[in-house]
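Read through the structure below, which is laid out as structure tokens, and then see the notes.
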Amino acid sequence: MTGTGLASAAFAATIELARSRHLNVWEPWLPAEVVPPGASLLRLLHLGVEVPAGAVDPAQAELIVQLGLGRRESDRLVAASWAVTAFRGVLAAGHREYGSGTGDIHIGEDSLRFASAVLAAAPRGRVLDIGCGSGLASMAAARTAHQVHGLDVLPAAVEAFRISAALNSGVADCRAEVGDFLDLDRGDGYDAVVANLPGVPVPDGVPYPTAGDGGPDGLRLIRALWRWYATMSTADSLVMRFQCPGGPRTPIAVTELAGLMPPGCDILVVTDSAVPMLVRNAITAARASTLDGQRDAEEITEELQRRCAERGWTHYHCSTLRIRRNGSGIRAHVPAPDLIDARQSYRGTGRSLPVEELALKVGAELRRMPDEFWSVAGLSAIQDASAHLERIYYDLGQGATERQIASSLSDAGKPLDQAAAVLAVSAITRAMVRMSLLIPVVGVNAPAAEGRSGMRSA
Ligand SMILES: C[S@@+](CC[C@H](N)C(=O)[O-])C[C@H]1O[C@@H](n2cnc3c(N)ncnc32)[C@H](O)[C@@H]1O
């Protein structure tokens, strides 16, 4: 690292190296076993392990202390509550203990996917990052923009943004302020807006952290932002990450979005994952139950599942959105590439099970798994299920649904276990289908037809 910032190619490259050794290609927080030995800065700032002060360049050590990323204790450097990660050369700071009640600023898989979309869009001129959180996407925008302005309701986000900007010194003019985007007027002449707002469907009365709470259908803030962009903002482009419920192929927001935007806009929605609502609801309930104090995760999951069933929501979609204001009126939605439908049933082909080849194919499926798979410890569910591959193959071949298999492998009283089993069985089944061991039964338990979205399927 050189100069006054920690915008270190070495730090970022070491993180990328560690990530390439990890199964989850969108993992912001890499475990010690994939971090190369001797990477002292990474051990301190990323893993939170104290290191000998002598192992770090004195100028860097001073900057670390100055930025509040660590402190000196005699001859050691000790990590602080901020942790640093990097993605494609962009550095950012988030709270190490997010979710434990002591930290609000989260960098998750979704943040990396959003930063990737911002890097691809390469916004120019003045950029506004709404709900900037750690500032990772702002710093990504700063690669091509000359000015980036972050806005977030959380004061801690402004602190994180300040650290992230210092880590990426030498990039555009970056500043952040505390504020609610609902108070924005015409948008101050920004050329581009980027936003990753909370999108977890959380009904009234269920407690949830601000960084994730998207209101009853997940779209409370996202919808408000779209209205603002359509009617008030003059920015040429909008890049967003958004999540919401829907049917198996189409998020509910897609139809609404097409109706909200002026006719000449180009709108492209790319959905990268659609998981059964049970998976999202189990994760939501686990987090909510730690804040609720009265109800446990199972009870909250039941309530969330009931609401989804009443509304016909079967899947939770995570998508990237790109809008160009003065386009040709092109509107397209690319649905999630892998349909994870626990109601699906199959017909067996009667071939014997090549267990070793199947294990390799399941391994290959891991790179395609949605972010939720890693949140619910799906890997250990796959390991558990691997002991029963013959039985799973037999039962699926006899017409059992993926959901029935998942239920037989998990504890009914533990929603997160059930969610993990659903995703694990889905990965195993998909590998079996790719190997032509199973044939999906079309028509029986098939997903209900969805209404027209008003967008062309790309
Ligand atoms: C899902 S996090 C995304 C953070 C960051 N952009 C990222 O991609 O990692 C959503 C952020 O929006 C912020 N937020 C929520 N409501 C907001 C509002 N009304 N105005 C501005 N920011 C808001 C939250 O505090 C949180 O930092």
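Counting starts at 1 for both ligands and their atoms, in listed order. This one's a predicted model, so the numbers in the text were calculated from it and none came from an experiment.
- Under 3.5 Å, the side chains of Gln243 and Asp110 contain a donor-acceptor pair of N or O atoms.
- Scanning for side-chain contact (heavy atoms from CB on, under 4.5 Å) contacts around Arg113 gives Trp26, Arg241, Asp272, Asp371, with sequence neighbours left out.
- Under a 4.0 angstrom heavy-atom cut-off, Ala137 registers as lying outside contact with ligand 1.
- Residue contacts with ligand 1: Leu136 is excluded, as none of its non-hydrogen atoms falls under 4.0 Å.
- Between Ser81 and His95, the side chains place no donor N or O within less than 3.5 Å of an acceptor N or O (distance only, hydrogens not considered).
- Heavy atoms of Ile107 stay at 4.0 angstrom or farther from ligand 1.
- Comparing heavy-atom distances from atom 9 (O) of ligand 1 across Gly214, Ala160, Gly135, Ser111 singles out Ser111 as nearest.
- Using a 4.0 Å heavy-atom cutoff, Gly179 is listed among the residues neighbouring ligand 1.
- Among protein heavy atoms, the minimum distance from atom 11 (C) of ligand 1 is reached at Gly131 O, 3.5 Å.
- Where the criterion is an N or O separation shorter than 3.5 Å, residue side chain and backbone included, Phe114 fails it with respect to ligand 1.
- Taking the ring axis of Tyr229 as reference, the NZ or CZ atom of Arg325 stays within 45° of it and closer than 6.0 Å to the ring centre.
- Those atoms of ligand 1 that come under 4.0 Å of a heavy atom in Asp180, given as number and element, are 18 (C), 19 (N), 20 (N).
- Not a single heavy atom of Ile130 sits less than 4.0 Å from an atom of ligand 1.
- Salt bridge annotation for Arg223-Asp217: present, with a cationic side-chain nitrogen under 4.0 angstrom from a carboxylate oxygen.
- The closest approach between Ser134 and ligand 1 stays at or above 4.0 Å for every heavy atom of the residue.
- By the 30° and 60° cut-offs, the orientation of the rings of Phe242 relative to Trp226 is perpendicular.
- Not a single N or O atom of Thr210, backbone or side chain, sits closer than 3.5 Å to an N or O atom of ligand 1.
- Counted by atom type alone, Ser289 and Arg295 present zero donor-acceptor pairs between their side chains at under 3.5 Å.
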